[in-house]
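Here the structure is laid out as structure tokens; the discussion comes afterwards.
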Amino acid sequence: MNNKEIARVFEDMADLLELKGENPFKLRAYQKAARSIEYLPVEAEQLVSEGKLREVPGVGEAIAKKITELVTTGKLGAYEKLKAEFPEGVIALLEVPGIGPKTAMLLSTELGIKTMDELEAAIIQGKVAALPRMGEKAADNILRHLQALRRKDQRIPIGEALLVVDKLLAQLKDVPGLRNLTPAGSLRRFKETIGDIDIMGTADDAREAIQAFVSLPQVREVLASGTTKASVVVAGGLQVDLRIVEHDSFGSTLQYFTGSKQHNINLRERAHRMGLKLSEYGITDLRTEKLEKFATEEAFYRRMGLQFIPPEIREGQDEIARAEQGTIPGLVETSDIKGDLHVHSRWSDGRDSIEAVALAAKARGYQYVALTDHSAGRGIARGLPPERLRQQGAEVRALNEKLNGIRILSGAEVDIRADGSLDFPDDILAGLDIVVAAVHSGMDEPQERMTRRMIKAMENPHVDVLAHPTCRLLPDREPVAVDMEAIFQAAVRTGTILEVSGMPSRLDLKDIHIYRARELGAKLATSTDTHSVEHLEFMRFGVGMARRGWCRPQDIVNTRPLKEFLAYLKS
DNA sequence: GCCGTTTTCGGCCCGACTGTTTTCAGTCG
């Protein structure tokens, strides 16, 4: 049983305990453990065999036992027993926003509702509004949420969400007295997918700002609108929350609204031990009741006795303890990047000429860009047969003569075939500056074969980079079955660089993989898989992922200047 | 159920918004 499945069990258990009216702190313990397990950089199974389960924050004696049971038997007695205590389908009702434990139990016991369809029918028949403490409006609300839930796609990749946000921010820019408009929440933490969009700002008149927000043309529905915050649904079904505070609370509010939830809970517990109380408005001294406001997050963390914690690593793991010790590393930034190691031109399935891509790379301040068009095996992607690759090499040489300040590395994105062999013979690979290898087909293979296949490719001395290692596509294609721990170890052994693809639909490797690979000493590269010059911008997502994996500049090989990077490739 | 530089027992984050209510419960983030 994998970490995601284990986390799911504990989340369900927390829901069931809540339905049961159990001690709220107990169910919070389950939720915390679920979160912890979800973010583990290694499989819980490995921790069980190493006896290290108890080192995971939020995992104590009882939960460790439950995890062990799940890992070894694939089932959990306590969970099965708990499930049996409740009518079928109650947990499903909790999925609907606006339905909490009380309402779910009411709907289930009074009306016998098991599914969303039955719920919809009951609302339309007026049965829900007639329940105690319900009413027309409450029932209507549930119906709207239910229908929105049906329409709504899953979480969307961060790349798409940022487009929506950029537009919103541009539209709100001119509202008088509205300042400091900033994306917060999971967007600011660079989570790979976004469930809803959080924006915050400060204003002379919060009401006026909220009014401007809910009146935007793309707002399809206003879910809530008060004096300091509002929630709307915009075209496309995405929920956007806006929170407005006074100018001098900006730092505290940004911190509060960036989350994550678990990070904030941990911070508040720490504050409590310090005799302080945290809220979005600032820090209150519990003894004097005095509120201290913060204009910046830096000042806020300083007051808490902590090193500044970058948003990308505020996931409620051990970042607060690390900040207390002052051991949060300086994370890589987009401005550290000296080159892109994965770009396509119109020679294969890219849109632009090699020269256009090179000039765009130069304009970004890069010193080099690796041209990695597809190999012949990628027929659909107009992959290059050896002869065309040689012709391309000639053009690259000519361009390198002509252009100043940017070096084009001749390379290829070579297919890893089903047997682990490569789509170009070794003598051709040997003539390239850089070889990026990737799986593009036969993705349904069982884990052992896929793992062997990738490792075999990594063992080829000409292969420099393993691209998008898990082959997932957000939000639909699941990662291939592959033993990531083995891939990371092979990367360390063979010196193969692991790609962190910034392409929004890939983001591959993902955060916890990056964390583990780095921990084991593997080298990583943030790349874009550019197919037209605008895609070079995807580097921000690659860097965002790397930061979520706690990467410093020295962990990312393409932060090295050209000469140093070429020397590294040779070694 | 977890956890401890006050504690191994007694705590456990905090505020906003809505709807059905006459003072608050439920839900959310």
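This structure is a prediction, so every number in the text was calculated from the model and none was measured.
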Under 3.5 Å between N/O atoms: give me all the protein pairs with nucleotides 5-7 of chain B, atom names plus distance.
none

Sugar-phosphate, base or nothing in reach of A:L278, heavy atoms under 4.0 Å: sugar-phosphate
Heavy atoms from other residues, nucleotides or ligands near CZ of A:R270 exceed 12 (cutoff 6.0 Å): yes
Closest-nucleotide 5' rank along DNA chain B - winner of A:M134 and A:F25: A:F25
Heavy-atom closest contact (A:M134 atom, A:V128 atom, distance): CB-O, 3.4 Å
CD1-CD distance between A:I309 and A:Q255, expressed to the nearest 0.5 angstrom: 8.5 Å
Touch class at under 4.0 angstrom, heavy-atom based, for A:P24 against every strand present: nothing
Sugar-phosphate, base or nothing in reach of A:E18, heavy atoms under 4.0 Å: nothing
Heavy-atom side-chain contact between A:V59 and A:I67 under 4.5 Å: yes
A:K114 with A:E118: basic N within carboxylate O range, under 4.0 Å: no
Donor-acceptor pair present, A:D196 side chain and B:dG29 base, under 3.5 Å: no
Complementary nucleotide of B:dC9, counting Watson-Crick and G-U pairs under 3.5 Å: B:dG4
Whichever of A:Y281 and A:I265 has its nearest DNA chain B nucleotide further upstream toward 5': A:I265
Sugar-phosphate, base or nothing in reach of A:K102, heavy atoms under 4.0 Å: sugar-phosphate
Touch class at under 4.0 angstrom, heavy-atom based, for A:L267 against every strand present: nothing
Touch class at under 4.0 angstrom, heavy-atom based, for A:S231 against every strand present: nothing
